[in-house]
Every structure is written in structure tokens, then in C-alpha cells.
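Just so it is clear, the structure is predicted and the values come from calculations on it, not from any experiment. Just so you know, ligand 1 is whichever comes first in the structure, and atom 1 is the first atom listed for that ligand.
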Amino acid sequence: MSKRTLLDKFERREAVIGVIGLGYVGLPLAVEFAKAGLRVIGYDISERVVASINRGTSHIQDVSSAELAALVKAGTLVATTDDARLAEADAISIAVPTPLAKTRDPDMSYIISAADTIGRHVHADQLIVLESTTYPGTTRELLQPMLEQAGLTVGTDVFLAFSPERVDPGNARFHTGNTPKVVGGVTPACTEVAAALYRLCIETVVEVSSAEAAELSKLLENTFRSVNIGLVNEMAIVCDKLGVDVWEVIEAAGTKPFGFMKFTPGPGIGGHCIPLDPHYLAWKMRTLNYKTRFIDLASEINSQMPAFVAEKVALGLNANRKPVNGSRVLVLGVAYKKDINDLRESPALDVIRLLEAHGAEVVFHDPHIAMFREEDGREKFGVPLTDAELELADAVVIVTDHAAVDYQRVVDHADLVIDTRNATVRTRPSRARVVSLATIREPDEPAVTGT
Ligand SMILES: NC(=O)c1ccc[n+]([C@@H]2O[C@H](COP(=O)([O-])OP(=O)(O)OC[C@H]3O[C@@H](n4cnc5c(N)ncnc54)[C@H](O)[C@@H]3O)[C@@H](O)[C@H]2O)c1
């Protein structure tokens, strides 16, 4: 009966959807449900986030304030810090953070807290879906007992599933609505109900046979990226030692029309997913006495890239008879990837920390980030990207290749550019000496690839 009740409500679009956690994942999802004509209650513990959403102001780059304001005004989407309102929801998606503790073990406190919140209000005829990336088994081991403690049977009274979020911040082509969504329930009925919910607002829903398969699919996706980035970063180190241009090698390999997928090296990995998620799997496997060697190796290589970059800066300065100590270094781009304003786990923070530890005076410019806090809590404000600022710098380090930066201007005015992203590849030969991850381009010399 319960399953039919929910499926009918979904079909008639009369269901109320709760979303717990209104960040990079939760807010776009809430908006997608609201756009599909469902009434959405977004719950977050942050007063600031809730107030801003209810004012129609988006704090997430991929959600426009105009779109959000229209949904809030129409009463389709409301944000609240009152968890009791979750009792009104027919379906609840959980999108809270899953960081790592300092020991690199999973920090499950946010999921546990969200589970406690749901436990206080859960009732029959509800669907609960976990979206936060986590280790395989979380949905069944952490959330199912919470529902059962409330006296409910999963698969008949209430439904429980895992459906990983795949949002790629800043991606202009793929967003929540047109990215296929994997759904795996704790029972077949749970999968059916959860898939029916997401079909209301997601173009393609992919059902798998269990919550664990869904949990692992997300970890495979992100481990795949971490391992391949680790491989290509190692290739950059190899090319550096051999004096070969890694970008030329990648471009050449990329002409193979099958069996090769292009990844690019860089200053390290950042964001909420790729540096963290594989460790959820590694941790789980350690509890089963198995060592996930690919994950550990990729993490080791990727995490040494900021030091590789800092060394390139030191060598570049050295060639100009300057020590790192006392040199002015302009870091271009601090976001963890191109064209976004997210600093989480950004390798730029490590590059800056390493250079400052060696006495450099580090300033930064990022068209998307005006200020950030360093580890010791100090606020660091960006500088404008002017000709004078470029000329003043003893070295310019391109850490993030934002499209809004004019790289020709950079090589025209800087003396020394450490380009970790091949952002200067299409610039004309100019004043700067450009040190890429693997090669040095002398002043007035054209780039090998891409010109
Ligand atoms: N950001 C991404 O690109 C991305 C992509 C795919 C998957 N994910 C996964 O999605 C999950 C959420 O990540 P995010 O980037 O959206 O995080 P986020 O930090 O942007 O947002 C999380 C929100 O949850 C709120 N919150 C924390 N604890 C809460 C609680 N107990 N109850 C209610 N609200 C609470 C916070 O105030 C915050 O607004 C993570 O597991 C992450 O790994 C993130």
C-alpha cells in the first residue's frame, strides 16, 4: 500500500520533497525538483544559507538567483532551519558534507546528524535517499537502523536508497537535470520508488540492484579520475626528467581514436570529491584487511604535485639569480579548478603555503575569489591583475587556468611564468620565460604544442 501511495503522489506531482543540506549538491537538486512542479522544503543548519535562499539569493554558482527567486516567490521552494518541517515531506534527499578527519578516516558526523534529524520525524509512506558520497554499506548500516528504531519496516512502510550526486560545478553542458542518475535501493521496492522520484526531474535514471552498488559506482567514478590524474602527473614528472614536453606527448596520444582517454597534469587535485572520496573506499577496505594500492599510490603522487610546482618556482627564480626568500610571487588562480569559485582542498593553498614557508612574499589574483583565509586564520585578499602587478612579480605561477585571464598579457609583462596548466600554450612568444610542468620556453620562443 505504502509503495503505491508514494508512486501515485509522485505521478500526480503532489509529493512534497525535503532536501537536507543546501550546498553545491543540495541546492541545485532542490531547484530541479521545484522546477518539475514539486513543492520543496530545503532544510539546512546554517541560518545564513537559509536566509539567503529565502531572499532569492543563490550562494551556489551553478544556480542563478533569478531562477531561485522565481521558485521562492511562487512558494514552490522554501528553506528552513526547522527540522520538524521534514515531517511534511514524502521524500527526503540527504546532501550533507562527507569530509575526511585529520587521520584521513571518513568523518561521518554530518550523515549521523542528518540521520538523527530524520529519525525524529520519520513516518510511514516516506522515501529517504542518501546522496552524500560515502563508503559502501553506509545506507544499510547507518540509515536503515534509524528507520527501524522508529518502528518502520524498510521496503514496505518506508523506502531507503542511495543515489550519488554527480554534479560538476562550472560545467556548462551537464547539470543536475541532464546528468544520468544512478539509484540503488536497500530492497527492490526501495529502488523502484526512488527511481520514480528522480524520473520526475532527471532525464535518465539508471537503476542498480543494491544501495552498495550505487555507493560503489560513485567511488569508482572518482577513484578512476584520481588514478588517471595520478598517472598523468607521474608522466609529467617522467617527462620533466627526460626533457620532453608532457603536453605534446598527451596531445599526440590523444589522437588515438580508441582506447585512450585524455587527462591532464596539474598542480595537484582539489575539490570536495576527488581528493577525498577514494579514501572512503580505502578506509572501508582497511577494515576488511585489504589495501587499495591504486588509491594510495594516486593519492601519494597527486599530493606531491604542489611541492613539484614550488620546486619549479625555486628553480625558475634561481635561473634569474633570485632566492625564493624575499621574492614576490603572484599566484594566478586559487580555485581548485577552472572557472569556479570553490577553494576546497585547492592545491593552490599548498603551493602558497610552501612558498611562504620558504620566505616568498605571495600575492594572488583570482577572478572568482576575492579573499580567502590561510590556515592560521589570516585573511588574504587578492590583488588586481594589472601590468604593474605582473611586472612587480619575480615569478607568476598559473595554478588555475581561469578563462577570464588574458594569458598573452601575462607573458607580455611578467619575467618568469610557471605554467602548471599549459594556459599559455596559445600565447605569442614574448618577454616571459615560461616554465611549464616539464619544459622551459625561453623569451621570444614559440610553444611546442597548440600554436
Ligand atoms: N560539490 C561537489 O561538486 C559534489 C559533487 C558530487 C558529490 N558531492 C557530495 O555531495 C555531498 C555534499 O557536498 P556539497 O559539496 O554539496 O557540500 P556543501 O558543504 O556545499 O553543502 C552542505 C550543506 O549541508 C549543510 N549541513 C551540514 N550538516 C547538516 C545537517 N546535519 N543538517 C542539515 N544541513 C546540514 C551545510 O550547512 C551546507 O549548507 C558530499 O558528500 C559530497 O562528497 C559533492
Side-chain angles (χ1 to χ4, degrees), residues 18-32 41-54 57-63 79-86 89 92-100 106-121 128-136 138-139 142-143 146 162-171 174-176 179-182 202 214-215 217-226 269-281 283 335-346:
V19 176
I20 300 186
L22 299 170
Y24 287 90
V25 166
L27 187 61
L29 184 70
V31 164
E32 214 58 46
I41 300 170
Y43 165 71
D44 201 291
I45 49 172
S46 163
E47 303 264 4
R48 187 181 52 80
V49 164
V50 165
S52 144
I53 292 172
N54 287 336
T57 309
S58 171
H59 63 298
I60 299 296
Q61 209 176 354
D62 288 343
V63 173
T80 181
T81 52
D82 176 9
D83 60 76
R85 296 222 40 202
L86 292 171
I92 300 176
S93 294
I94 307 170
V96 295
T98 42
L100 288 177
D107 174 357
M108 302 306 289
S109 60
Y110 297 89
I111 293 188
I112 291 170
S113 155
D116 287 345
T117 305
I118 294 175
R120 286 198 289 279
H121 306 291
I128 314 292
V129 185
L130 180 60
E131 300 238 353
S132 304
T133 309
T134 182
Y135 61 84
T138 305
T139 311
L142 277 185
L143 295 183
M146 168 275 290
F162 184 82
S163 180
E165 185 47 63
R166 284 172 160 166
V167 70
D168 181 20
N171 191 324
F174 288 106
H175 48 83
T176 303
T179 305
K181 196 146 171 56
V182 172
I202 311 265
E215 289 162 336
S217 71
K218 173 72 182 179
L219 294 176
L220 172 60
E221 288 165 22
N222 284 353
T223 302
F224 172 83
R225 286 191 62 74
S226 170
I269 47 176
H272 189 302
C273 292
I274 298 169
L276 310 187
D277 300 349
H279 293 285
Y280 271 70
L281 183 55
W283 173 84
Y336 80 84
K337 70 170 182 175
K338 190 176 175 165
D339 298 341
I340 63 162
N341 61 1
D342 193 346
L343 252 175
R344 292 179 295 178
E345 309 288 327
S346 174

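- Residues satisfying the ring pair (Phe, Tyr, Trp, His ring centres under 6.0 Å) criterion with Phe174, sequence neighbours excluded, are absent altogether.
- Remark: the backbone N or O of Pro180 is paired with a side-chain donor or acceptor of Arg166 at under 3.5 angstrom.
- Here Lys337 pairs with Asp168 in a salt bridge; the nearest charged N to carboxylate O distance falls below 4.0 Å.
- In this structure, the side chain to side chain contact (heavy atoms under 4.5 Å, CB included) partners of Pro106, at least two apart in sequence or on a different chain, are Met108, Tyr135, Tyr280, Trp283.
- No side-chain donor from either of Glu215 and Thr138 sits under 3.5 Å from a side-chain acceptor of the other.
- Among residues two or more places apart in sequence or in another chain, the side chain to side chain contact (heavy atoms under 4.5 Å, CB included) test is passed with Asn341 by Tyr24, Gln61, His368, Ile369.
- Protein residues having a heavy atom under 4.0 Å from any atom of ligand 1 are Ile20, Gly21, Leu22, Gly23, Tyr24, Val25, Tyr43, Asp44, Ile45, Ser46, Ala95, Val96, Pro97, Thr98, Tyr110, Ser113, Ala114, Ser132, Thr133, Glu165, Val167, Pro169, Lys218, His272, Cys273, Arg344, listed by chain and number.
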